[in-house]
Structure formats: structure tokens, C-alpha cells
Amino acid sequence: MPELPEVEVTRLSLVERLRGAQIAAVRIGKPLRWPLGCAPESLVGHRVHELTRRGKYLWFALDAPGALNSGAGGLLMHLGMSGSLNFSAQHAPPGPWDHFDLATDRGLLRLTDPRRFGAVVWSSAVDEGAAGKLLARLGVEPFETGFTGALLHERLRGRKVAIKTALLAGDIVVGVGNIYASEALFLAGIDPRTRSSRLGAARCERLATAITGALARAVQAGGSTLRDFRDTHGASGAFQLEAGVYGREGLPCKHCGTLVRRIVQAQRSTYFCPQCQRR
DNA sequence: ATGGGTACCTGTCTGC
DNA sequence: TGCAGACAGGTACCCA
């Protein structure tokens with residue numbers, strides 16, 4: 001489910017209530033992608049100092065009991081393909097897909113994840129241990145000033161993979177998942193099959209702008225795809241209406257009327273307009 | 001280093 | 001109706 005916009009919307013909706021919340025109990029359901037890495041009871045008494053995001057990962061920075069900002073490690077969370085995070089009623093029994101509960105004095109935070117590609121991992125610091133290892137290979141944040149067309153140009157040079165695949169890899173720029181990779185390339189007028197190294201400075205500039213724009217608009221829209229998932233209305237929803245090409249195979253391009261095509265790249269669907277997007 | 005493929009797991013939809 | 005198969009918002013890891 002979650003690409004950067006959905007993760008950021010999740011973070012924004014939780015951060016105020018969670019900041020300062022004290023952990024009262026931790027419940028683990030079925031195993032997620034990786035083990036927690038600490039005894040769940042050892043987290044009891046800690047407070048959530050801050051909730052931040054890196055790429056599609058959430059970082060719950062923890063304070064030791066009684067101390068303020070003592071840096072008592074934290075929890076790194078990934079929502080995988082199907083994860084969602086919400087406050088539940090304090091004593092609501094866990095459903096079959098609820099695999100991680102953080103009971104706090106501010107409410108019960110619950111991770112629901114049917115496919116269990118998600119993970120919650122304890123780490124002594126963001127840049128150490130399990131978290132450090134997972135975050136080490138990540139590229140720049142699309143909303144930070146370091147993300148420019150020039151950087152894209154520099155990092156794509158010498159890469160032979162298709163641009164769509166390069167964007168998804170996450171080691172150049174983070175947060176662009178399967179939907180927004182297609183959308184950004186559509187906005188930039190670039191054929192997703194284009195060899196990365198063939199993109200010149202001008203198109204890299206356009207692509208950087210398109211990526212930032214698409215992600216920012218999606219955050220503003222409230223991560224509509226996330227809402228779809230929670231309401232179990234399937235794939236149709238506000239984002240589908242906004243999407244230029246994603247999920248629109250066989251429908252007319254909104255710019256030129258040419259039928260949108262679907263292809264498979266690196267075992268993932270890619271959607272594009274063969275007329276508006278050029279190699 | 002790069003790139004390709006596989007693996008993880010479960011739900012939903014489509015077509016026969 | 002039943003069932004097989006395709007497909008789904010991610011990413012670490014293994015191997016050429």
C-alpha cells in the first residue's frame with residue numbers, strides 16, 4: 001500500500017498524539033518480516049520522544065523511563081505492501097491481521113498487515129544496528145534540497161536499467177513506489193523503458209520536478225490510496241481519479257487521448273502513454 | 001558495481 | 001459454484 005505519501009500522511013496523523021506517549025504494553029501477533037530484536041516487555045515504560053520518517057520507514061525514537069531524550073533507542077517500522085497504522089479502541093481484541101500493538105497511555109496503536117511484508121525492528125539508534133543497516137543504502141529524500149535534477153543526472157549516469165526500474169530501486173531517491181514512478185514519468189513525458197543513462201540534464205530536471213510534484217500533491221490529497229485500503233473498497237478511490245496513467249490500461253490518455261499501455265518491468269506493472277512519453 | 005531473478009505472505013478479482 | 005491463476009502500494013538477498 002504505502003509509498004512515501006501514504007507513510008507521511010500516516011506519520012502526520014499520529015505524531016502529535018504519540019509524542020510523549022508512554023508504552024504500557026507491547027503485543028506481537030504473527031511474525032512480520034523480521035523479528036523485533038528485543039524482548040517486548042523491555043519497551044514498557046519508555047516514552048515516544050518523536051516520530052520521524054526516512055523514505056518509507058517510520059522511526060519511533062524512544063526515551064528511557066523517567067528520562068527525557070536520553071536516546072534509549074527506537075523502533076523502525078515499515079508498512080510493507082499492505083500495512084496500515086491506526087489508533088484502536090483501548091481494549092479492542094486484535095483481528096487476524098493485527099500483528100503489532102503498542103499500548104500507550106495515549107491509546108492503542110495497532111499495525112494491521114494482512115500480507116506481513118511489514119516489519120517492526122528495535123534498534124539502539126537510527127544509524128546503528130538493525131535500523132542503520134536498513135537505512136544505509138537509501139537515496140536522498142525527495143523533499144530535501146539535495147534532491148535536484150543535477151543529482152538525478154549524476155546518479156543515473158552509467159546506469160543501464162530502465163528509468164522506471166532505477167526510480168523504484170530507492171538508492172537514488174527514496175519514497176517513489178510503483179504508482180508514483182509511473183505518474184512522475186508521465187508528468188515528465190519520459191518513456192519508462194528509457195535507459196537511465198540516456199537522460200540528459202534537461203529531462204532529469206523535469207523528472208526531479210515531476211517526482212517532487214507528484215509526491216507533494218499526493219501528501220496534500222491525504223494519501224487517498226491509504227484510505228481506499230482501510231475502507232476495503234478495493235483499488236478504486238480518489239487517487240485513481242487523480243492518476244494520469246496508473247491503473248488506466250486501455251483508457252484514453254488525459255492529455256492526448258491515446259490509449260494508455262501497461263507493460264511489466266522487473267515483475268511490476270508500469271503504465272504509460274506511448275504518445276506523450278518519449279524515449 | 002550492476003542487473004536480473006527469487007523470496008517472503010495473503011487477499012481479491014477474473015475467467016473457465 | 002468451484003477452482004486455478006494473475007495480480008497487488010515493497011525490498012532484502014543471492015547469483016551471474
B/dG15: pairing nucleotide in any strand, Watson-Crick or G-U under 3.5 angstrom: C/dC3

Determine: side-chain N/O of A/R33 to OP1/OP2 of B/dC9, distance under 4.0 Å, yes or no. no

Of A/N86, A/L102, A/L79, the one forming a side chain to side chain contact (heavy atoms under 4.5 Å, CB included) with A/L111 is A/L79

Phosphate-side-chain proximity, A/S82 and B/dG11, N/O vs OP1/OP2 below 4.0 Å: no

Compute the centroid of each ring, for A/F186 and then for A/H255, and state whether the two points are separated by less than 6.0 Å. yes

What is the distance, rounded to the nearest whole Å, between atom CG of A/L79 and atom P of B/dC8? 22 Å

Do A/R116 and B/dC9 have a side chain to base donor-acceptor pair shorter than 3.5 Å? no

Here the distance between atom P of C/dA12 and atom CG of A/L135, to the nearest Å, is 9 Å

Let me know the distance between CG of A/L134 and P of C/dA12, rounded to the nearest Å. 6 Å

Nucleotide B/dT2, atom P - distance to CZ of A/R155 in whole Å: 8 Å

Think A/Y57 has a side-chain N or O under 4.0 angstrom from the OP1 or OP2 of C/dA12? yes

Is any side-chain heavy atom of A/R54 less than 4.5 Å from a side-chain heavy atom of A/E141? yes

Among the nucleotides B/dG4, C/dG10, C/dC13, whichever has the atom closest to the side chain of A/E3 is C/dG10

Separation of C/dC13 P from A/W34 CH2 (nearest whole Å): 7 Å

Want to settle it: does A/P96 or A/A266 sit nearer the 5' end of DNA chain B, counting the closest nucleotide to each? A/A266

Are A/L109 and A/L75 linked, directly or through other ILVMFWY residues, by side chains that come within less than 4.5 angstrom of each other? yes

Could you check how far CD1 of A/I179 sits from C1' of C/dC7, rounded to whole Å? 14 Å

So, is A/R137 close to the C/dA12 phosphate, meaning a side-chain N or O under 4.0 Å from OP1 or OP2? yes

Protein-nucleotide distance (A/Q265, atom CD; C/dA8, atom P), rounded to Å: 13 Å

Hey, is the side chain of A/K160 poking within less than 4.0 Å of OP1 or OP2 on B/dT2, counting only N and O atoms? no

Base, sugar-phosphate, or nothing: which does A/L168 touch, judged by heavy atoms less than 4.0 Å apart? nothing

Less than 5.5 Å between centroids and less than 30° between ring planes, does A/F117 satisfy that with C/dT11? no

If only side-chain N and O atoms of A/R268 are considered, is one of them under 4.0 Å from the OP1 or OP2 phosphate oxygen of C/dG10? yes

Check whether any side-chain heavy atom of A/I23 sits under 4.5 Å from a side-chain heavy atom of A/L62, and report yes or no. yes

Phosphate contact (C/dC7 OP1 or OP2) by A/R262 side-chain N/O below 4.0 Å: yes

Look at A/W97 and B/dT10 and indicate whether a side-chain polar atom (N or O) is within less than 4.0 Å of OP1 or OP2. no

Base, sugar-phosphate, or nothing for A/T165, non-hydrogen atoms under 4.0 angstrom? nothing

Is A/K30 close enough to B/dT10 that one of its side-chain N or O atoms is under 4.0 Å from OP1 or OP2 there? yes

Within less than 4.0 Å of OP1 or OP2 of C/dT11, is there a side-chain N or O belonging to A/H78? yes

Decide salt bridge (charged side-chain N to carboxylate O under 4.0 Å, His left out) for A/D101 and A/R110; before the verdict, give the C-alpha distance in whole Å, the side-chain angles of both, and the deciding distance to 0.1 Å. CA-CA 5 Å; A/D101 285 354; A/R110 176 164 278 176; 2.8 Å; yes

From C/dA8, C/dG10, B/dG3, pick the nucleotide closest to the side chain of A/N178? C/dG10

Would you kindly give the NZ-to-P distance between A/K133 and C/dT11, to the nearest whole Å? 16 Å

